Amino acid sequence: MDKTRRSTCALDCPDACALLVEVQDGRAVKVRGNPAHPVTQGFLCGKVTRYLEREYHTARLMHPLRRTGAKGEGRFERITWEAALDEIALRLGRAAAEWGAESVLPYSYGGTMGYLQGGGMDRRFFHRLGASRLDRTICASAGVAGLMASYGERLGTTPEDFVHAKLIIVWGANIHATSVHQWPFMVEARRRGARLVVIDPVVTRTAALADTHLKPYPGSDLALALGLMHVIFREGLERCEGDLASLRRRTAEYTPERVEQLTGVPAGDVERLAREYATTRPALIRANYGVQRSERGGRAVQAISLLPALVGSWKEKGGGFLLTTSGAFDINRPALERPDLGGPARTLNMATLGQALTAVNDPPVKALVVYNSNPAAIAPNQHLVRQGLAREDLFTVVLEHFQTDTADWADIVLPATTFLEHTDVYFAYGHYYMQLARPAVAPPGETKPNAEVFRLLARRMGFEDACFGDTDEEMIRQMLDTPSAYLAGVTLERLEREGFVRLNVPELPFSDRLPDLSGEDLAYVPPVESRLGTARGYPLELVSSKNHDSLNSSFGFQEGTDAQTSVLEIHPEDAAARGIADGGAVRVYNARGEVRLAARVGETVRPGVVRAPMVRWARSAADRKNVNVLIADRLTDIGGGPVFFNCLVEVALCED
Ligand SMILES: Nc1nc2c(c(=O)[nH]1)N[C@H]1C(S)=C(S)[C@@H](COP(=O)(O)OP(=O)(O)OC[C@H]3O[C@@H](n4cnc5c(=O)[nH]c(N)nc54)[C@H](O)[C@@H]3O)O[C@H]1N2
Ligand SMILES: Nc1nc2c(c(=O)[nH]1)N[C@H]1C(S)=C(S)[C@@H](COP(=O)(O)OP(=O)(O)OC[C@H]3O[C@@H](n4cnc5c(=O)[nH]c(N)nc54)[C@H](O)[C@@H]3O)O[C@H]1N2
Ligand SMILES: [Mo]
């Protein structure tokens, strides 16, 4: 029977698109955007238009596997679910008995933005076991810490209101690639007369479309933000009640000339932008997470997010600041995750997984359960991560759609369902709609939803708590049962009926808050690993930012994606100095490692900066590595995040 089913794209993206899936004879034949969704409005990005290639790819994992070869070799045999679950329960139980339950570490991130498959039964299971907790820092924790320091809440300007802005500053965000559904709102704002300024070291497709593009060196945004404040104060353009003496004092030394030295942005441009920003009403700043993947990234977001308070735009429709909307999705997490099932346990930071697996000893990690993530490809200090995964005494389980880099290191691999095959409720970080999606098609082969796997494992481990018997519907009701006003009136029935429901967020989400304008902690020191830093040694700054037509490592199985993510963009001057021609094979290296890529010579980057779109599957590369071998596992100033965009390298022509 032919049908159209509602769904939601589960990929880790601000947009969380509402989908319509056409199903014929039990098979999905087309995925399109649901035109009824007020933000995502019925169009799809390139990768999700082609999502069915992923869904029905012949390489999808269809049954459980047990390792037969050496660790990392990728040789497996088919086993039954019974055998797989028995072995996992046995090994986790043994690790807990011999080394304490904290020797078990879950590792999960953004494979799906759904609550049930990403943060429900799994959390209950690990809490009940007493496993180590995971600090999920790999993406956004520095920026979130910065935003919390200024406003105490993870809210921002409603994307529908972008159309009212007269100036839009896109700061460390490649809207065209990473949240393309916000672009039409910006286009409409420009049609009504708005100007678009992009602040990004790279000439992205978004930057190429801007009226003005400022190119700070990676990781220097805090200095730029302080410079803008300096000019605003100097020219008396602040529009803000409250005591600003301390902030004024702290920004005094960030003259446009000094900011030019620190950031590479010409002093005149700093002055012009400060004046334009302070005098255009309403003026909006759309930051994404590009700013905060650096050593000073948390404080940079903190400073940038204070600019709207300083000039008064945070009280204007179409003004303000947007980093994330995720704070509105204020579900009842304790009810969903049940931390009360276990006692306190230590927390390990996912950004330093290599260290967790090789240097932590109290107790050592003896069992690792990976789902919704591919750490062997996406985590920094890849050599150390692999050294950890290679440990003979580490028992590793991976729940996956595909045989990823990480799955190659597993002892047991379990086949997972996709968002077209299971039920979930979705949050978003770029708009205020919560969504429910039911399966559009039946699970293929022996695939199972993560939630079901942890239900089964709980039974195997003898956990008798009633919550391990909760159905998906019961869990949805539990998480929606929250005192938060944002979720008042949001019920399972309503989600079922409407598909997406707008949360009750005030029109101006920040304006009733008193931001911290003291400017304390806002002093810029160049990142250790940057052109002005103390750990120089290599001359080029590498930015490994997001690829347009894939998402993190989730499309690594596609040849087209592999080709797009195995290149290095380099400026003609830097290429000429090294005898590198367009298309030539290059070695990109530093003290941590080396990776081979194909040079793309062009002015998409400024001299001194190189860019590699992230991230290919290392297992597809001849040298079986990707750019994350080059990235340090140093952490950000606040929030404990990784520093993907502070990375010094040298590039040389490959001799062979
Ligand atoms: N097509 C596509 N979409 C995606 C993803 C994807 O992989 N592909 N990933 C998703 C995920 S997980 C996330 S978190 C979001 C991220 O969305 P974004 O934050 O927009 O993406 P990034 O590429 O991480 O960084 C954005 C921009 O920051 C710039 N940048 C790097 N360093 C600096 C700096 O120091 N200062 C400034 N001002 N800019 C800097 C980069 O050049 C890049 O163009 O996108 C999501 N959407
Ligand atoms: N160099 C560099 N590295 C980076 C970044 C960068 O900009 N530069 N960006 C960082 C950022 S922002 C992020 S968010 C991380 C992303 O890192 P991850 O969150 O690990 O994202 P993916 O690489 O897309 O891997 C997600 C995996 O989950 C699987 N998956 C999806 N849905 C399900 C499901 O329902 N069940 C199960 N069991 N599996 C599922 C997918 O098949 C995929 O292999 O990467 C970080 N790494
Ligand atoms: Mo991310």
Side-chain angles (χ1 to χ4, degrees), residues 10-15 45-47 54 61 107-112 114 117-118 138-140 143 170-180 198-207 214-221 224 263 287-294 296-297 300 304 351 370-375 377-380 398-402 404-407 414-419 421-422 424 429-430 447 449-451 453 527 530 541-557 605 609 611-615 617 626-628 630-631 642 644-647:
L11 294 177
D12 183 352
C13 168
D15 297 4
C45 66
K47 50 198 178 295
R54 187 175 195 279
L61 295 169
Y107 195 98
S108 71
Y109 201 67
T112 169
Q117 312 308 336
I138 202 82
C139 172
V170 166
W171 199 321
N174 185 3
I175 300 298
H176 244 267
T178 59
S179 46
V180 68
V198 169
I199 303 178
D200 194 311
V202 175
V203 188
T204 62
R205 289 188 206 167
T206 312
L214 304 186
K215 299 177 202 158
Y217 282 108
S220 66
D221 302 82
L224 182 57
T263 66
N288 209 338
Y289 288 103
V291 180
Q292 50 98 64
R293 304 190 207 290
S294 89
R296 311 293 174 238
I304 295 166
V370 180
Y371 53 102
N372 302 343
S373 186
N374 184 10
I378 61 85
V398 176
L399 287 68
E400 252 302 345
H401 298 154
F402 286 92
T404 59
D405 290 345
T406 310
L414 300 175
T417 46
T418 70
F419 66 88
E421 301 153 2
H422 53 230
D424 220 326
Y429 53 102
T447 59
N450 297 343
V453 173
S530 68
E541 296 186 276
L542 169 70
V543 173
S544 50
S545 53
K546 305 295 183 279
N547 184 42
H548 275 257
D549 297 325
S550 61
L551 192 124
N552 302 330
S553 77
S554 286
F555 292 81
F557 60 91
V605 284
V609 175
R611 172 186 181 245
M614 64 83 73
V615 56
W617 275 3
N626 71 26
V627 286
N628 280 324
L630 303 169
I631 313 283
F644 289 116
F645 297 169
N646 281 144
C647 177

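The model shown is predicted, which means the values in this text are computed figures rather than measured ones. Numbering starts at 1 and runs along the sequence shown. The basis for the numbers below is simple: all heavy atoms, side chains too, and nothing from hydrogens, waters or symmetry mates. Atoms within each ligand, like the ligands themselves, are counted from 1 in listed order.
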So, does [X] sit close enough to ligand 2 that a heavy atom of it is under 4.0 Å from the ligand?
X	result
Gln292	no
Val615	no
Phe645	yes
Thr418	no
Phe644	yes

Tell me, which protein residue and heavy-atom name are nearest [atom], and how many Å apart are they?
atom	value
atom 40 (C) of ligand 1	Pro201 CD, 3.3 Å
atom 26 (C) of ligand 1	Gly172 O, 3.4 Å
atom 6 (C) of ligand 2	Ser544 O, 3.4 Å
atom 16 (C) of ligand 1	Arg293 NH2, 3.5 Å
atom 5 (C) of ligand 2	Met614 CE, 3.2 Å
atom 25 (O) of ligand 1	Gly290 CA, 3.3 Å
atom 10 (C) of ligand 1	Asp12 O, 2.9 Å
atom 35 (O) of ligand 1	Gly219 N, 2.6 Å
atom 27 (C) of ligand 1	Asp200 OD2, 3.3 Å
atom 30 (N) of ligand 2	His401 CE1, 3.7 Å
atom 17 (O) of ligand 1	Asn288 ND2, 3.1 Å
atom 44 (O) of ligand 2	Glu400 OE2, 2.5 Å

Going by the order shown, which atoms of ligand 2 are within less than 4.0 Å of some heavy atom of [X]?
X	value
Ser554	22 (P), 24 (O), 25 (O), 26 (C), 41 (C), 43 (C)
Asn374	20 (O), 25 (O)
Arg54	41 (C), 42 (O)
His422	35 (O)
Ile378	3 (N), 4 (C), 17 (O), 20 (O), 23 (O), 45 (O), 46 (C), 47 (N)

Pull out every atom of ligand 1 sitting under 4.0 Å from any heavy atom of [X], numbered as shown with elements.
X	result
Trp171	38 (N)
Thr204	44 (O)
Ser550	1 (N), 2 (C), 6 (C), 7 (O), 8 (N)
Pro218	35 (O)
Tyr289	19 (O)
His548	1 (N)
Asn174	20 (O), 26 (C), 44 (O)
Val202	42 (O)

On a heavy-atom basis, I'd like to know which of [options] is closest to [atom].
atom	options	answer
atom 23 (O) of ligand 1	Arg205, Lys546, Arg611	Lys546
atom 38 (N) of ligand 1	Asp221, Ile175, Val180, Val291	Asp221
atom 20 (O) of ligand 2	Ala377, Cys647, Ser373	Ser373

- Message: Would Gly110 count as a contact residue for ligand 1, given that I'm defining contact as a non-hydrogen atom of the residue lying under 4.0 Å from a ligand atom?
- Response: no

- Message: Any heavy atom of Lys47 closer to ligand 1 than 4.0 angstrom?
- Response: yes

- Item | Asn374 and Ser553: CA distance, side-chain angles, deciding distance, side-chain hydrogen bond (donor to acceptor under 3.5 Å, both in side chains) verdict | CA-CA 7 Å; Asn374 184 10; Ser553 77; 2.9 Å; yes

Can you check whether [X] has an N/O within less than 3.5 Å of an N/O in ligand 2?
X	answer
Thr404	no
Ala416	no
Gln117	no

What part of [X], side chain from CB on, backbone N/CA/C/O, both or neither, has a heavy atom under 4.0 Å from ligand 1?
X	result
Asn552	both
Asp549	neither
Leu551	both
Cys139	side chain
Val543	side chain
Tyr429	side chain

- Message: Closer than 3.5 angstrom, by distance alone: can the side chain of Asp549 be matched with the main-chain N or O of Gly46 as a donor-acceptor pair?
- Response: no

Region of [X] that comes within reach of ligand 2 [heavy atoms, distance under 4.0 Å]:
X	value
Thr417	backbone
Leu399	both
Glu421	neither

- Is there a nitrogen or oxygen of Pro216 sitting under 3.5 Å from a nitrogen or oxygen of ligand 1? no

- Do Arg54 and Phe555 meet the cation-pi criteria used here (NZ or CZ under 6.0 Å from the six-membered ring centre, within 45° of the axis)? yes

- Message: Can you list everything that forms a side chain to side chain contact (heavy atoms under 4.5 Å, CB included) with Thr417? Sequence neighbours excluded, please.
- Response: Glu421, His422, Pro443, Thr447, Pro449

- Return the set of residues passing salt bridge (charged side-chain N to carboxylate O under 4.0 Å, His left out) with Arg611 (not counting sequence neighbours), or none when no residue passes. Glu569

- Task: Decide whether Asp15 and Tyr429 meet the rule of one side-chain donor and one side-chain acceptor closer than 3.5 Å.
- Result: no

